[in-house]
Amino acid sequence: MAEAKITKRSEDFSRWYTDVIAAAELADYAPVKGCMIIRPNGYAIWEKMQQALDAMFKDTGHQNAYFPLFIPESFLHKEAEHVEGFAPEVAVVTHAGGEKLEEPLIVRPTSETIIWHSYRNWIQSYRDLPLLINQWGNVVRWEMRTRLFLRTTEFLWQEGHTAHATYEDAEEETLRMLGVYRRFAEEHMALPVIEGRKTDREKFAGAHHTYSIEAMMGDAKALQSGTSHHLGQNFAKAFDVTFQTQEGTREFVYATSWGLSTRMIGALIMAHGDDNGIVIPPRLATTQVVVVPIFRKPEERERVMEAVGKFTLRFKPAGIGFKVDDRDQYSPGWKFNDWEKRGIPLRIEVGPKDLERNQVVLARRDNGQKQNASQEGLERTVRDMLETIQSSLYERAREFREKHTHRVDDYKKFLEILDADGGFLWCHWCGSGECEERIKDETKATIRCIPMKAEPEEGKCILCGGRSERRVIFARAY
RNA sequence: CGGGGCGUAGCGCAGCCUGGUUAGCGCGCCUGCCUUGGGAGCAGGAGGUCGAUGGUUCGAAUCCAUUCGCCCCGACCA
């Protein structure tokens, strides 16, 4: 229980981020470089995310399965673009059982290859399609620079892998799951996101094309928060997965894959956190409410705890996750701070003065406001308050994003705004990889996505002046 | 891999430049008393192969060399 003080967010965002993680006891550094230990407080958030997403996957017809961590090295080489994209960051097992292995094993950086190896046997007829499978697991990517949650050598995620009879079916699935991610981000994480398509430079290695949701963090930088890929027939061809059509012809199947990782915990911290620490949206909080009883004498303690017992009894049936902090080695003030840095959305204070008036004090984590509430029907008040906190977190994040979103048509202005404010820059782009690359080299801003909701609009490329039909989003990103 | 910073108690640090009894301080932890509406107080206590290895020296946390690791900034990525 080390006392870590949190660097001010405005002072040093990056240090603030790591301080918040330490203060809330979300994760530790592991003995192995780039790896992290997810502590109970952090893992609880991940479990909530899993629950919400898993239900959505099931609702859209998917089943869970599990494929192995180790993959024969040769599998990776079967899809040319895929191997090129991943080979540099793959960990390889060369020895096991005290001997050198005949064929090295790679530790999966993603599971397309091993899954499609199986799909070959599972798919024969159009009647076997679509095949809709999701897997929860871990993957390893040997990254050069790592940061807790945002980019770690090993991370937890889910990866969906589906097979379809037609390009259109696969496209529909790709977009459906993108939509699931968007809803998850908005409704559970209180995080507004932009759905869009990745440029060829930014797409997944081995994909026909990639979609993502992009979110804005508290320092106005972008974070890719979930990706959905249309893999075309690339993996079907690499692993020879064909099916017989109704007409009796043989075709390669179409594939999708989509993933969302523990990086989302980083997104949560950077989107909602403040100088006091993380702020967990109520729908992702295991402990949504913490009750801090206040008393001096044993006699008061008894009376206060009795009242606490009474109203918390009604919390569980109402679906409210709560904790009563009756530790008596700490003062109330200390507890207030303690729970704030852990991001618990709502605090209830109850002391002798409240008992006289049959009330409690509610303190919101998101804006620090306190108000009185009757003990009568408190479970309803609390439930409503949690909803209010959830939606105001979303609203605040949305307003922040709007404030840091700019339409820019002039490259000089582009540079100015990027340095002064950052944020999302909606600009015209001619579609060439050269312009994209040059802008990245000169400004460190990348094209986050080609937003799907953008209206077609004639314009000139911000760099070369070439013809453009729609705006894309540039930003500096994590 | 390049640039910068740092390894001394669970955490944060001082000591190092200028080598010398038993290596300090704050927080946290344990015991007791006292306290409790925004991080209380007092008293006592536990806790260290000074990142590792080698060297210089009568003597090394301190000087030298090597090495390992971590953090931050850049080139790759969810």
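The sequence lines fix the lettering, A, B, ..., with proteins before strands; numbering per chain opens at 1.
- Here A:Arg364 pairs with A:Asp366 under the salt bridge (charged side-chain N to carboxylate O under 4.0 Å, His left out) rule; sequence neighbours left out.
- Counting non-hydrogen atoms under 4.0 angstrom, A:Glu143 reaches a base of the nucleic acid.
- Taking the centre of each ring, A:Phe75 and A:Phe70 stay at or above the 6.0 Å mark.
- Here A:Lys335 lies out of heavy-atom contact (under 4.0 Å) with every strand.
- Separating the P atom of B:rA60 from that of B:rC64 is a span of 16 Å, rounded to the nearest Å.
- Aromatic ring centroids of A:Tyr119 and A:Phe235 lie 6.0 Å or more apart.
- Of the nucleotides present, none pairs with B:rC17 by Watson-Crick or G-U wobble criteria with both distances under 3.5 Å.
- Proximity of the aromatic rings of A:Phe414 and A:Tyr411 is defined here by a centroid distance below 6.0 angstrom, and this criterion is met.
- Judged as a salt bridge (charged side-chain N to carboxylate O under 4.0 Å, His left out), and not counting sequence neighbours, the contacts of A:Asp328 are A:Arg301.
- Searching all strands for a Watson-Crick or G-U wobble partner of B:rU49 with both distances below 3.5 Å returns nothing.
- Using a 4.0 Å cut-off between charged nitrogen and carboxylate oxygen, A:Glu299 and A:Arg303 count as a salt-bridge pair.
- Here A:Thr153 pairs with A:Cys35, A:Val140, A:Trp142, A:Thr146 under the side-chain contact (heavy atoms from CB on, under 4.5 Å) rule; sequence neighbours left out.
- A heavy atom closer than 4.0 Å to some atom of RNA chain B occurs in no member of residues 40-51 of chain A.
- You'll find that the side chain of A:Glu89 is closest to B:rC76, out of B:rC76, B:rA75, B:rU36.
- Across all strands shown, A:Leu260 has no heavy atoms under 4.0 Å from either base or sugar-phosphate atoms.
- Look at B:rG7: its Watson-Crick or wobble partner, with both distances under 3.5 angstrom, is B:rC68.
- Counting non-hydrogen atoms under 4.0 angstrom, A:Gly351 reaches a base of the nucleic acid.
- For A:Lys341, the listed nucleotide lying nearest its side chain is B:rG39; candidates were B:rG38, B:rG39, B:rC72.
- Distance check on atom P: B:rA40 versus B:rC11 gives 23 Å, rounded to whole Å.
- Nucleotides B:rG10 and B:rA46 have their P atoms positioned 16 Å apart, rounded to a whole Å.
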What string of B, S and - do you get for nucleotides 41-46 of chain B, 5' to 3', if B is base contact, S is sugar-phosphate-only contact and - is no contact with any protein heavy atom under 4.0 Å?
------
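- Contacts of residues 180-201 of chain A with RNA chain B (heavy atom under 4.0 Å): none.
- The salt bridge (charged side-chain N to carboxylate O under 4.0 Å, His left out) check on A:Glu84 picks up nothing, with sequence neighbours excluded.
- Within a heavy-atom distance below 4.0 Å of RNA chain B, no residue of residues 207-220 of chain A is found.
- A salt bridge (charged side-chain N to carboxylate O under 4.0 Å, His left out) with A:Asp274 holds for exactly one of A:Arg365, A:Arg9, A:Lys341; it is A:Arg365.
- We find that A:Asp338 and A:Arg327 are joined by a salt bridge, their nearest charged nitrogen and carboxylate oxygen being less than 4.0 Å apart.
- At a threshold of 4.0 Å, the pair A:Glu202-A:Lys440 does not count as salt-bridged, since none of the basic side-chain nitrogens sits closer than that to a carboxylate oxygen.
- Applying side chain to side chain contact (heavy atoms under 4.5 Å, CB included) to A:Arg108 and the options A:Leu76, A:Val139, A:Thr113, A:Ile115 leaves one that passes, A:Val139.
- Residue A:Pro352 is classed as a base contact, given a heavy-atom separation below 4.0 Å to a base.
- Scored by the ring pair (Phe, Tyr, Trp, His ring centres under 6.0 Å) test, A:His161 finds no partners at all (sequence neighbours excluded).
- A:Tyr29 comes within 4.0 angstrom of the backbone, heavy atoms only, and of no base.
- Applying the 4.0 Å criterion to OP1 and OP2 of B:rA40, one finds that A:Ser331 has a side-chain N or O inside that range.
- With sequence neighbours left out, the salt bridge (charged side-chain N to carboxylate O under 4.0 Å, His left out) criterion links A:Glu214 to A:Lys198, A:Arg448.
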Reading 5' to 3' through nucleotides 1-8 of chain B, protein heavy-atom contacts under 4.0 Å coded B for base, S for sugar-phosphate only, - for none:
--------
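- Checked against a 6.0 Å centroid threshold, the rings of A:Tyr17 and A:Phe13 do not count as neighbours.
- Projected onto RNA chain B by closest heavy-atom contact, A:Asp354 and A:Thr18 fall at different nucleotides, the more 5' of which corresponds to A:Asp354.
- B:rU31: Watson-Crick or G-U partner is B:rA43, with both key distances under 3.5 Å.
- Which of B:rG38, B:rG37, B:rC77 sits closest to the side chain of A:Arg151 comes down to B:rC77.
- If you check distances only, the side chain of A:Asp338 never reaches the base of B:rG39 with a donor-acceptor pair under 3.5 Å.
- Listed in residue order, the members of residues 291-309 of chain A having a heavy atom less than 4.0 Å from RNA chain B are A:Ile294, A:Phe295, A:Arg296.
- For the 3.5 Å distance criterion, the side chains of A:Tyr478 and A:Asp219 qualify, holding a donor opposite an acceptor.
- Aromatic ring centroids of A:Phe57 and A:Trp258 lie under 6.0 Å apart.
- Of the P atoms belonging to B:rG32 and B:rC73, the separation is 46 Å, rounded to the nearest Å.
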